[in-house]
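Let me begin by presenting the structure, written as C-alpha cells, before commenting on it.
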Amino acid sequence: MEAQTPSGEPGDRAGVPAAIGALQQRAHAAGITLRAPPPEPTTCCGRGCSGCVWESYDNAVDYWCEQAEEALRKLGNASPPA
C-alpha cells in the first residue's frame with residue numbers, strides 16, 4: 001500500500017506543512033500539546049529507490065496526523081470540568 005499524505009494523494013507533499021500547521025493550531029487552541037511532527041528527510045538520493053526515505057516520512061506523517069486527530073477527538077468527547 002502506498003502511503004498517503006494528509007492531502008490524501010500518494011506522494012503529494014506540498015500540503016504537508018499546512019496540514020501539520022493546521023493540526024498544531026487546533027491543538028494549541030484546544031490547550032493540548034502534540035509531540036513534534038516528523039522531520040523531513042535530508043538523505044534522499046533522488047533515484048526513486050524502493051524503500052526511499054520519503055516513503056518512511058509519508059508513513060510517519062500519516063501516523064502523526066492520525067494521532068493528532070485522535071487527541072483532538074478525545075478532547076472533544078471529554079466532558080467539561082465541573
Q. So do the side chains of Ser56 and Pro41 get within less than 4.5 Å of each other, counting heavy atoms only?
A.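 The answer is no; the side chains never approach within 4.5 Å.
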Q. Side-chain contact, heavy-atom cut-off 4.5 Å: Pro37 with Gln24?
A.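 A side-chain contact exists here, since the closest heavy-atom pair is under 4.5 Å.
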**Q.** Ion pair Arg26/Glu69, N-O distance below 4.0 Å
**A.**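 The answer is yes: the pair qualifies as a salt bridge.
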Q. Of all heavy-atom pairs between Pro17 and Ala14, which one has the smallest distance, and what is that distance?
A.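 Closest pair (atom of Pro17, atom of Ala14, distance): CD-O, 3.7 Å.
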Q: State, to 0.1 Å, how close Cys52 and Cys44 come at their nearest heavy-atom pair, and which atoms those are.
A: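 Nearest heavy atoms, Cys52 then Cys44: SG-SG, 3.9 Å.
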Q | Single-linkage hydrophobic cluster Leu34~Leu75, side-chain heavy atoms < 4.5 angstrom | A |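 Yes; tracing contacts between hydrophobic side chains, which count when under 4.5 Å, links both residues.
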Q) Do Ile20 and Val53 share a hydrophobic cluster, counting only Ile, Leu, Val, Met, Phe, Trp and Tyr and linking them when any side-chain heavy atoms are less than 4.5 Å apart? A)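 Yes; Val53 is reachable from Ile20 via cluster members.
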Rounded to the nearest 0.5 Å, how far does [atom2] of [Y] lie from [atom1] of [X]?
X: Leu72; Y: Leu23; atom1: CG; atom2: CG; value: 6.5 Å
X: Glu70; Y: Gln67; atom1: CD; atom2: CD; value: 7.0 Å
X: Ser50; Y: Glu55; atom1: OG; atom2: CD; value: 6.0 Å

Q. Do Trp64 side-chain atoms and Arg35 backbone N/O form a donor-acceptor pair below 3.5 Å?
A.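 It does hold such a pair.
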Q.
Asp58 vs Arg13, test: side-chain contact (heavy atoms from CB on, under 4.5 Å). Steps then yes/no.
A. CA-CA 8 Å; Asp58 290 344; Arg13 293 181 193 92; 2.9 Å; yes
